[in-house]
Amino acid sequence: MTDPQPDTGKGRPTPKRSEARKARRNPSPGGRSKEAAAARRQANRTERQRAFEALRTGDERHLPPRDAGPERRLARDIVDARFTLGQIFMLVILIAFLSGFVPNHAVQEFASLGSLLALTVIILDCARHGRAAKTAVIERFGTASSRGISSYAFLRAMMPRRFRRPPPKVRRGDSV
């Protein structure tokens, strides 16, 4: 019941080295020509420019993925409708920096402790805004779409209002 003649080899001759190299060098399906690469670079450049303009103007259609979607829009609106202590963060840092140049040691210590306390309060306030935004997104859109919302809202709450991108669409005090 055994084969009188076992199968040997692979059934075809071994290719020459030059043929094997040519077979490995076949272009990928996307095309590797200089023209295709230039077209891809131009398309990427155009898309980045469109996303940059959308961040500047607030155009919802062309926002980058980090800012796109109704969940992120709701988080932005919640943060923008409230005053956040993160808006005065730069001022606190400036005051702490300038107070370091005062020759009185007691003033320097007080400014150092005050800036540390202010930084802690600012971080807690921004975390509260991030949690509120995540809660609102969960209520409106469900748990699946709430991923990354709290950190997104936290970072937005840390920015001064005029530097936020995309720009705020709601006024402070408006209901969301």
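Not measured: the values here are computed from a predicted model.
Proximity of Val92 to Leu119: side-chain heavy atoms (C-beta onward) are nowhere separated by under 4.5 Å. Between Pro166 and Arg156, some side-chain heavy-atom pair lies under the 4.5 Å cut-off. By the 4.5 Å heavy-atom criterion applied to side chains, Glu139 and Thr135 are counted as neighbours.
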>> What verdict does the side chain to side chain contact (heavy atoms under 4.5 Å, CB included) test give for Lys22 and Glu19, after you've listed the backbone C-alpha separation in whole Å, the side-chain angles of each residue and the deciding distance to 0.1 Å?
In response: CA-CA 5 Å; Lys22 286 178 186 176; Glu19 293 170 0; 5.7 Å; no
>> Run the side chain to side chain contact (heavy atoms under 4.5 Å, CB included) test on Glu109 and His105 for me, step by step, so that the C-alpha distance in whole Å, both residues' side-chain angles and the decisive distance to 0.1 Å come before the verdict.
In response: CA-CA 6 Å; Glu109 284 186 19; His105 189 66; 2.7 Å; yes
> After noting the C-alpha distance and the side-chain angles of Thr84 and Met159, does the key distance pass the side chain to side chain contact (heavy atoms under 4.5 Å, CB included) rule?
Replying inline: CA-CA 9 Å; Thr84 63; Met159 292 296 291; over 6 Å; no
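The shortest heavy-atom contact between Asp67 and Arg72 is O-CB, 3.7 Å. Residues Ile78 and Ala132 share a closest heavy-atom pair of CD1-O, 4.4 Å. The heavy-atom pair separating Gln108 from Val102 by the smallest distance is NE2-O, 2.6 Å. Between Ala153 and Gly130, the shortest heavy-atom distance links the atoms CB-CA, 3.7 Å.
Not counting sequence neighbours, Ser18 has no partner by the side-chain hydrogen bond (donor to acceptor under 3.5 Å, both in side chains) test. Partners of Ser146 according to the side chain to side chain contact (heavy atoms under 4.5 Å, CB included) rule, which considers only residues two or more places apart in sequence or in another chain, are Lys134, Val137, Ile138, Thr143. Annotation: side-chain hydrogen bond (donor to acceptor under 3.5 Å, both in side chains) contacts of Arg12 (sequence neighbours excluded): none. Residues meeting the salt bridge (Lys or Arg N to Asp or Glu O under 4.0 Å) test with Arg76, sequence neighbours left out: Glu60. Taking Glu35 as the reference, Ser33 meet the side chain to side chain contact (heavy atoms under 4.5 Å, CB included) condition, with sequence neighbours excluded. Every residue two or more places apart in sequence or in another chain that forms a side chain to side chain contact (heavy atoms under 4.5 Å, CB included) with Ile88 is listed here: Phe83, Leu85. Partners of Asp174 according to the side-chain hydrogen bond (donor to acceptor under 3.5 Å, both in side chains) rule, which considers only residues two or more places apart in sequence or in another chain, do not exist here. For Phe110, there are no side chain to side chain contact (heavy atoms under 4.5 Å, CB included) partners, not counting sequence neighbours. Scanning for salt bridge (Lys or Arg N to Asp or Glu O under 4.0 Å) contacts around Arg131 gives an empty result, with sequence neighbours left out. Listed by chain and number, the residues in a ring pair (Phe, Tyr, Trp, His ring centres under 6.0 Å) with Phe101 are Phe97 (sequence neighbours excluded).
In this structure, the separation between NZ on Lys34 and CZ on Arg41 is 10.0 Å, given to the nearest 0.5 Å. In this structure, the separation between OG on Ser150 and CG on Leu155 is 9.5 Å, given to the nearest 0.5 Å. The line from CG of Leu55 to CZ of Arg66 is 6.5 Å long, rounded to the nearest 0.5 Å. For the atom pair Ser175 OG and Asp77 CG, the distance stands at 10.5 Å (nearest 0.5 Å). Here the CZ-CG distance, from Phe89 to Leu94, works out to 12.0 Å after rounding to the nearest 0.5 Å. The CG atom of Asp125 sits 12.5 Å away from atom OG1 of Thr120, with the distance rounded to the nearest 0.5 Å.
Listed by first and then second residue, the salt bridge (charged side-chain N to carboxylate O under 4.0 Å, His left out) pairs involving residues 163-173 are Asp80-Arg164 (not counting sequence neighbours). Sequence neighbours left out, not one pair with a member in residues 133-169 passes ring pair (Phe, Tyr, Trp, His ring centres under 6.0 Å).
The local environment of NZ in Lys16 is sparse, with at most 12 non-hydrogen atoms from other residues, nucleotides or ligands closer than 6.0 Å.
Placement of Val79 and Val121 in two distinct hydrophobic clusters is found when ILVMFWY residues are connected by side-chain heavy-atom separations under 4.5 Å, directly or transitively. A single hydrophobic cluster is seen to contain both Ile123 and Ile93, as judged by linkage of ILVMFWY side chains at heavy-atom distances under 4.5 Å, directly or through other members.
We find that Glu53 and Arg50 are not joined by a salt bridge, their nearest charged nitrogen and carboxylate oxygen being 4.0 Å or further apart.
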